[in-house]
Amino acid sequence: MTDEKRRPRPAAQYGPTAAAVAGNVKRLREARNLTIYALSGALGVAGRPVTPSAVAKIEKQQRQVTVDDLAALATVFNVSPAALLLPMSDEEEIEVTGAGAVRASVAWAWANSQRPLKLTPGHEETELLEYQLYGLPLRVRNARQHPAGRALAAVQQDVERLIDSSRLVLEGDTRFEENLDAARVALERLASEVNRVAVDHNEWARELGVWKADVVKRGKKKGASDGPSVD
């Protein structure tokens, strides 16, 4: 046997996302009060058998999690796949494989299909539209791109900023008041856009009613003209 054959296989390379998955599997298993054996059994019931020893290796970063494993684990834990892929941390920045260090809030918005992970200055609008075009089904995309959908997204962002700043009580810091005003303006805009949706719907319904009445009227006239002739 040659030295090359005796040489052990190199250890698998695990990136920050794999580390996050391993940590989250253990975190969620313990939060659900599941033993390694119980989690293995639940995965088997879900149609994705994973042995107890394999579960233990996953938590120790000694076994890669496949896409099917990830989906089954998220199903068993009853969480979004994002809850497995990203570290559950209060840090301002987190590591994402392929992207490096990014703001935690941005990473979670990306994982929840709200925005691209990175935006190029001056091209934000185009990149956001492309993100939705290639990453969302048509119905969801239409809702996101509608003015009311955009207003809803703005409300969520402003309310998150408001809640974050509400925990800070510093003399001379006006961020909370500024964020409060911004959230109120965003809510007013959302209400306006929702009312506009109602107006547009009622107008469409009225036009549809007029069109149907016209079709019925034309049908009756045609029926009368096509009636039996009298000799």
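Computed over heavy atoms, backbone and side chain alike; hydrogens, waters and symmetry mates excluded.
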Heavy-atom check, side chain of Asn195 versus side chain of Val199, under 4.5 Å: no
Donor-acceptor under 3.5 Å (Thr126 side chain, His123 main chain): no
Any donor-acceptor pair under 3.5 Å from Asn24 side chain to Ala20 backbone: yes
Glu127/Lys118 ion pair, N-O < 4.0 Å: no
Exercise: identify the closest heavy-atom pair between Ala111 and Ala82: CB-CB, 3.7 Å
Flag if over 12 foreign heavy atoms under 6.0 Å of CD, Glu91: no
From Asp181 atom CG to Thr174 atom OG1, the distance as rounded to the nearest 0.5 Å: 10.0 Å
From Arg141 atom CZ to Leu129 atom CG, the distance as rounded to the nearest 0.5 Å: 10.0 Å
NZ/NE/NH1/NH2 to OD/OE distance under 4.0 Å, Glu125 and Arg150: yes
Spatial distance of atom CG (Asp158) from atom CG (Leu190) [nearest 0.5 Å]: 11.0 Å
Single-linkage hydrophobic cluster, 4.5 Å side-chain cutoff, Val25 and Met88 together: no
Hydrophobic cluster identity match, Ile163 and Leu152, side-chain contacts under 4.5 Å: yes
Trp110 and Val96, any side-chain heavy atoms less than 4.5 Å apart: yes
Test: Glu203 and Arg206 ion pair at under 4.0 Å: yes
Donor on one side chain, acceptor on other, Ser105 and Glu160, under 3.5 Å: no
Minimum-distance pair of heavy atoms, taken over all atoms of Ala18 and Gln64: CB-OE1, 4.3 Å
Distance-only donor-acceptor hits, side chain of residues 38-55, under 3.5 Å, sequence neighbours excluded:
from: Ser40; atom 1: OG; to: Val50; atom 2: O; distance (Å): 2.4
from: Arg48; atom 1: NE; to: Asp69; atom 2: OD1; distance (Å): 2.9
from: Arg48; atom 1: NH2; to: Thr66; atom 2: OG1; distance (Å): 3.2
from: Arg48; atom 1: NH2; to: Asp69; atom 2: OD1; distance (Å): 3.4
from: Thr51; atom 1: OG1; to: Ser53; atom 2: OG; distance (Å): 3.1
from: Thr51; atom 1: OG1; to: Ala54; atom 2: N; distance (Å): 3.1

Joint hydrophobic cluster, Tyr14 plus Leu73, side-chain heavy atoms closer than 4.5 Å: no
Arg115 side chain vs Leu128 backbone, donor-acceptor pair below 3.5 Å: no
Sub-4.5 Å side-chain heavy-atom contact between Leu28 and Leu84: yes
Gln156 side chain reached by Gln114 side chain, heavy atoms, under 4.5 Å: yes
Heavy-atom donor-acceptor pair, Ser165 side chain to Arg161 backbone, under 3.5 Å: yes
Distance (rounded to the nearest 0.5 Å) between Glu30 CD and Thr35 OG1: 11.5 Å
Side chain to side chain contact (heavy atoms under 4.5 Å, CB included) evaluation trace for Gln62 with Lys60: CA-CA 5 Å; Gln62 295 174 353; Lys60 296 176 182 177; 3.9 Å; yes
Test item: Asp200 and Trp204 side chains (from C-beta on) under 4.5 Å apart, heavy atoms: no
Residues Arg139 and Asn142: side-chain donor-acceptor under 3.5 angstrom: no
Straight-line distance of Glu95 CD to Thr97 OG1, nearest 0.5 Å: 8.5 Å
Closest heavy-atom pair and its distance - Arg27, Ala83: NH2-O, 3.3 Å
Non-neighbouring partners of Asp164 that pass salt bridge (charged side-chain N to carboxylate O under 4.0 Å, His left out), sequence neighbours left out: Arg167
Stepwise side chain to side chain contact (heavy atoms under 4.5 Å, CB included) test for His146 and Val197: CA-CA 10 Å; His146 190 280; Val197 171; 3.4 Å; yes
Test log, rule side chain to side chain contact (heavy atoms under 4.5 Å, CB included), inputs Gln145 and Gln132: CA-CA 9 Å; Gln145 294 176 354; Gln132 295 175 346; 3.0 Å; yes
Cluster check Val215, Val210: I/L/V/M/F/W/Y, side chain < 4.5 angstrom: no
Derivation and outcome, side chain to side chain contact (heavy atoms under 4.5 Å, CB included), residues Ile36 and Arg29: CA-CA 8 Å; Ile36 286 176; Arg29 178 179 64 76; 3.8 Å; yes
Separation between CZ of Phe176 and CG of Leu162, rounded to the nearest 0.5 Å: 5.0 Å
Hydrophobic cluster membership, Leu180 vs Val155, 4.5 Å side-chain cutoff: no
Tyr131 side chain to Leu117 backbone, donor-acceptor under 3.5 Å: no
